[in-house]
Number of protein chains: 2
Amino acid sequence: MTDETSQPATLRQIAREAGVSVATVSRALRRPESVSAQTRERILALVARHRYVPDALAAGFASRRTGLVGLMVPTISNSIYAAFTESVQGRLQAAGRKLLIANTNYSATLESEIVHKLVESRVEGVIFTGCRRDGVLYELLRHYRIPFVVTWSTSGDPSIPAISFDNFAAAKAATKTLIQLGHRRIGLICGLSAVNDRAQQRIAGFRAELEAAALAFDPTLVAERPFEVAEGAAAAEAIMGTARPPTALFCANDIQALGALFACQRLGRAVPRDVSIIGFDDLPMTRIANPPLATVHVPAQEMGEAAADALVRAVDMGEPIQSRALDAKVITRDSIAAPRG
Amino acid sequence: MTDETSQPATLRQIAREAGVSVATVSRALRRPESVSAQTRERILALVARHRYVPDALAAGFASRRTGLVGLMVPTISNSIYAAFTESVQGRLQAAGRKLLIANTNYSATLESEIVHKLVESRVEGVIFTGCRRDGVLYELLRHYRIPFVVTWSTSGDPSIPAISFDNFAAAKAATKTLIQLGHRRIGLICGLSAVNDRAQQRIAGFRAELEAAALAFDPTLVAERPFEVAEGAAAAEAIMGTARPPTALFCANDIQALGALFACQRLGRAVPRDVSIIGFDDLPMTRIANPPLATVHVPAQEMGEAAADALVRAVDMGEPIQSRALDAKVITRDSIAAPRG
DNA sequence: TTGTATGCGTTATCAA
DNA sequence: TTGATAACGCATACAA
């Protein structure tokens with residue numbers, strides 16, 4: 001089981017030593033049943049002895065197939081994207097694909113560079129997060145016949161397939177839950193809408209529901225901040241420190257919601273007695289928090305799996321990718337209640 | 001700016017239309033200064049018009065260089081690995097490399113398969129998490145002249161370069177901090193040592209410090225559990241529910257520590273008055289929690305950057321990778337105090 | 001079941 | 001500064 005030479009072997013060498021053609025060795029590895037048991041044995045023994053590992057580069061080059069899929073997420077530090085990424089990867093791995101993950105860090109420039117790199121790598125498909133980007137990127141992918149799918153955002157444009165849930169409707173529903181409890185003055189903490197169309201859609205849903213309930217939108221109760229616990233905490237402190245603080249906070253992601261929860265408790269505002277808090281994403285931690293945090297469950301795993309599956313089918317069977325809207329759902333927990341008085 | 005044909009172009013086509021050789025086009029793209037301004041202009045115009053994107057597969061095949069680096073982490077759902085992954089990626093991206101991320105999900109079998117896939121892809125380097133694995137994998141990488149580096153675990157074997165910190169010493173120091181506060185009965189919650197050498201080293205550090213302080217090791221106060229908030233909470237409930245509960249809990253990761261914190265509070269055990277809790281990893285959230293959670297700061301970012309840099313230098317300049325021990329440091333916060341009475 | 005021959009798109013070497 | 005040409009390792013269509 002020790003290797004003959006210290007150099008990595010090639011198909012050609014294996015073939016020479018086995019006394020067969022390179023085609024036979026190739027077949028022995030790719031479609032073992034198409035080779036006689038005897039020659040197969042001989043070849044596989046040599047493969048093991050040489051520790052031969054086929055060159056996927058050469059193979060991909062020859063066959064024009066790479067088995068690569070690219071995934072663009074803003075960050076994986078937010079665990080909801082991490083969970084999403086893992087579900088995509090699990091599915092692709094099962095389908096024999098490899099995943100190239102790229103962080104765009106909420107930067108359009110970086111995203112554009114990365115898409116070019118993905119095209120260079122001749123990925124067979126691309127999964128985007130959010131739909132707002134330069135149309136040139138979509139055109140580039142189409143030109144190279146690379147199927148793509150948008151996740152985390154529904155796309156208005158029917159030519160851009162999206163497998164996602166409706167951020168606007170989900171945020172609207174979360175806001176409605178608070179209003180139905182009797183809240184009339186509600187604060188909002190969310191990501192930076194300038195670089196994040198999910199945040200932008202969630203704000204819009206929040207405003208729409210306020211409007212539907214004939215409540216005024218007060219910009220002093222709104223904070224757009226980076227996705228960090230500390231930012232959520234700081235935003236909550238600021239909002240709760242205003243002259244007329246709200247009786248409820250809608251945090252458009254759970255990371256900031258947890259920061260807000262901690263901050264309110266530190267300020268001596270009991271949750272939900274003094275202030276209700278509802279988050280967004282349904283991270284595992286929300287279930288365990290004190291009090292358990294109401295939130296909006298997003299179908300991160302289902303979305304990742306569906307996107308991966310759709311892409312694989314598009315590549316393998318040329319099946320066009322259909323847009324799909326998955327369900328997001330308000331999860332009521334003890335962090336929300338009717339306002340006092 | 002519209003493309004001539006609907007087919008992706010190749011170097012050859014660009015060359016033909018520009019009236020130059022393929023070599024010149026290749027040079028115009030790779031080393032623009034080595035081509036006259038005039039022909040360069042002409043070529044770049046055609047490149048833009050055709051939306052030509054070079055085929056990295058063919059280029060890599062011809063040059064025997066892929067620019068790929070493989071990273072194996074057990075999971076990215078734990079945000080400490082996510083942060084680590086991002087630091088690796090940032091550094092590699094800056095060095096013009098691409099990152100192939102693979103989740104091993106704490107499975108040795110899966111890891112082995114993935115290493116083979118990485119070799120197939122002819123990655124130029126591999127970053128491992130933890131050092132405990134079949135030596136055949138290391139041999140395979142050496143045979144293919146692929147440099148690798150272990151992170152998150154110091155390696156006993158000098159032939160296996162590790163850029164990490166000392167889990168044993170860090171866990172020992174955390175335990176010592178509790179003992180010095182006066183705790184004599186300390187519980188431990190950590191990951192599954194059977195599949196996780198970091199957990200195993202941290203347990204060992206915990207036991208070593210108990211022994212150094214002449215304290216008995218009580219297995220009923222130890223819980224090995226998957227890395228989940230809920231698991232941390234359940235473990236804390238179990239341990240605090242025993243006949244003689246400990247006065248302090250050492251949680252070998254912050255995720256479980258947060259779960260434990262929430263569980264203790266729910267049980268009516270005030271932290272740190274009734275029970276002290278110290279975590280491990282220094283996640284951003286620990287700083288914001290109520291009370292702020294004492295923890296062990298791990299150099300996740302520094303480790304990721306150092307590993308990436310070392311690998312790049314190994315590839316570019318053949319520089320062998322030196323093992324390095326980075327610092328981990330106990331962070332005292334309000335979740336720990338002297339025991340009552 | 002096996003072998004032969006061709007080509008995949010680029011880089012790199014050498015010569016002009 | 002540019003061109004001609006030989007690799008690079010494998011898959012595959014076709015022939016035997």
Side-chain angles (χ1 to χ4, degrees), chain A residues 5 7-44 46-47 50-68 96 117 119-124 144-145, chain B residues 5 7-44 46-47 50-68 96 117 119-124 144-145:
Chain A
T5 80
Q7 284 302 318
T10 65
L11 257 199
R12 199 190 316 275
Q13 287 173 45
I14 304 279
R16 188 157 29 75
E17 294 189 28
V20 298
S21 71
V22 289
T24 302
V25 179
S26 176
R27 278 188 292 252
L29 293 170
R30 301 295 166 195
R31 299 173 47 233
E33 73 284 1
S34 72
V35 168
S36 79
Q38 187 184 334
T39 47
R40 187 172 54 221
E41 293 297 305
R42 196 155 28 112
I43 290 171
L44 293 184
L46 282 166
V47 163
H50 284 287
R51 286 205 189 88
Y52 171 74
V53 177
D55 185 329
L57 225 66
F61 179 47
S63 67
R64 309 309 314 151
R65 311 200 51 243
T66 62
L68 284 173
K117 288 235 178 215
V119 175
E120 280 188 15
S121 298
R122 297 300 190 261
V123 294
E124 299 181 350
Y144 278 86
R145 311 268 193 281
Chain B
T5 80
Q7 283 301 318
T10 65
L11 258 198
R12 200 188 316 274
Q13 286 173 47
I14 304 280
R16 185 156 32 72
E17 293 189 29
V20 297
S21 70
V22 289
T24 301
V25 178
S26 176
R27 278 188 292 252
L29 292 170
R30 300 297 169 193
R31 299 174 46 232
E33 74 283 0
S34 72
V35 167
S36 79
Q38 188 184 332
T39 47
R40 187 173 55 221
E41 294 298 304
R42 197 155 27 110
I43 290 170
L44 293 182
L46 282 166
V47 163
H50 283 288
R51 286 205 189 90
Y52 170 75
V53 177
D55 185 329
L57 225 66
F61 179 47
S63 66
R64 309 308 314 150
R65 309 199 52 245
T66 61
L68 284 173
K117 288 235 178 213
V119 174
E120 280 187 15
S121 298
R122 297 300 190 260
V123 294
E124 300 181 349
Y144 277 87
R145 311 269 193 282

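The figures that follow rest on heavy atoms only: side chains count, while hydrogens, waters and symmetry mates do not. Below, chain A is the first sequence line, B the second, and so on; all start at residue 1. Just so it is clear, the model here is predicted, and its values are computed rather than measured.
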Asker: Distance-only, no hydrogens or angles: does the A:S26 side chain make a donor-acceptor pair with backbone N or O of A:V22 under 3.5 Å?
Answerer: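 Absent.
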Asker: Side-chain contact test, heavy atoms from C-beta onward, threshold under 4.5 Å: evaluate it for A:V53 versus B:Y144 and give yes or no.
Answerer: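 The answer is yes, as the side chains (C-beta and beyond) meet within the 4.5 Å cut-off.
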Asker: Is any side-chain heavy atom of A:R65 less than 4.5 Å from a side-chain heavy atom of A:R122?
Answerer: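 In short, these two side chains do not touch, never coming nearer than 4.5 Å.
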Asker: Once each nucleotide of nucleotides 9-16 of chain C is scored for protein heavy atoms under 4.0 Å, what B/S/- sequence comes out, 5' to 3'?
Answerer: BBBB----
Asker: Indicate whether OP1 or OP2 belonging to C:dG3 is found under 4.0 Å from a side-chain N or O atom of A:T24.
Answerer: yes
Asker: Figure out the CG/C1' separation between A:L57 and D:dA11, and round it to whole Å.
Answerer: 14 Å
Asker: Would you mind reading off the distance between A:R16 atom CZ and C:dT2 atom P, rounded to a whole angstrom?
Answerer: 19 Å
Asker: Can you list everything that forms a side chain to side chain contact (heavy atoms under 4.5 Å, CB included) with B:L44? Sequence neighbours excluded, please.
Answerer: B:L29, B:R40
Asker: Report yes if some heavy atom in the side chain of B:H50 is under 4.5 Å from a heavy atom in the side chain of B:I14; otherwise report no.
Answerer: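 Sidechains of B:I14 and B:H50: in contact.
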Asker: Take the C1' atoms of the five end pairs on each side of the helix from C:dT1-D:dA16 to C:dA16-D:dT1, derive the two axes, and give their angle rounded to 10 degrees.
Answerer: 30°
Asker: Is any side-chain heavy atom of A:V25 closer than 4.5 Å to a side-chain heavy atom of A:Y52?
Answerer: no
Asker: A:L29 CG to D:dG9 P: how many Å, rounded?
Answerer: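 Taking atom P of D:dG9 as the reference, CG of A:L29 is at 16 Å.
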Asker: Answer yes or no: does a side-chain N or O of A:T39 lie under 4.0 Å from OP1 or OP2 of C:dT1?
Answerer: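 For C:dT1, neither OP1 nor OP2 has a side-chain N or O of A:T39 closer than 4.0 Å.
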Asker: Side chains of A:E17 and A:R42: does their closest heavy-atom pair fall under 4.5 Å?
Answerer: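 A side-chain contact is absent here, since even the closest heavy-atom pair is not under 4.5 Å.
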Asker: Quick one: does A:E120's side chain get under 4.5 Å of B:D55's, heavy atoms only?
Answerer: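 A side-chain contact is absent here, since even the closest heavy-atom pair is not under 4.5 Å.
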